[in-house]
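Values reported hereafter were calculated over all heavy atoms of this structure, with side chains retained and with hydrogens, waters and symmetry mates removed. This chain uses plain numbering: 1 for the first residue, then up along the sequence.
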Amino acid sequence: MEFAEFLLLFVAVMLLIFKPEKEKLAWWLTVGGWFVVVFMYVGHVSTAILGALNL
């Protein structure tokens with residue numbers, strides 16, 4: 001799932017480089033990437049749904 005975060009961050013950086021007026025969208029993509037990582041971490045360390053999976 002780190003790939004999903006890196007992909008979101010790459011898209012955010014490309015937006016900032018090529019379309020600076022889309023800064024707000026780039027920021028939300030970055031925050032979304034953080035939430036994906038936090039969700040995956042919490043799901044993995046707890047014995048909840050994602051605890052048994054090897055991610």
Side-chain angles (χ1 to χ4, degrees):
M1 286 310 291
E2 289 85 7
F3 178 74
E5 181 197 9
F6 288 142
L7 185 63
L8 287 173
L9 290 176
F10 177 74
V11 170
V13 168
M14 290 296 113
L15 274 174
L16 288 174
I17 290 173
F18 293 112
K19 295 193 179 258
E21 66 273 7
K22 301 279 187 178
E23 180 182 354
K24 195 172 202 175
L25 176 61
W27 170 249
W28 283 112
L29 286 173
T30 304
V31 171
W34 292 341
F35 281 126
V36 166
V37 170
V38 167
F39 173 74
M40 293 303 293
Y41 175 75
V42 170
H44 188 71
V45 297
S46 68
T47 58
I49 298 168
L50 300 175
L53 299 176
N54 184 8
L55 300 174

Could you pull out all residues at least two apart from W28 that satisfy ring-ring contact (aromatic ring centres under 6.0 Å, His included)?
none
Are V38 and V31 linked, directly or through other ILVMFWY residues, by side chains that come within less than 4.5 angstrom of each other?
no
Minimal non-hydrogen separation, L15 against K22, with atom names
CD2-CB, 4.1 Å
If you compare all heavy atoms of G32 against all heavy atoms of L8, which two are closest, and at what distance to 0.1 Å?
C-CD1, 4.2 Å
To the nearest 0.5 Å, what is the distance between CG on L9 and CE on M14?
11.5 Å
Between atom CD of E5 and atom CG of L29, what is the distance when rounded to the nearest 0.5 Å?
12.0 Å
Following the transitive rule for hydrophobic clusters with a side-chain heavy-atom cut-off under 4.5 Å over Ile, Leu, Val, Met, Phe, Trp and Tyr, establish whether V37 and W34 coincide in one cluster.
no
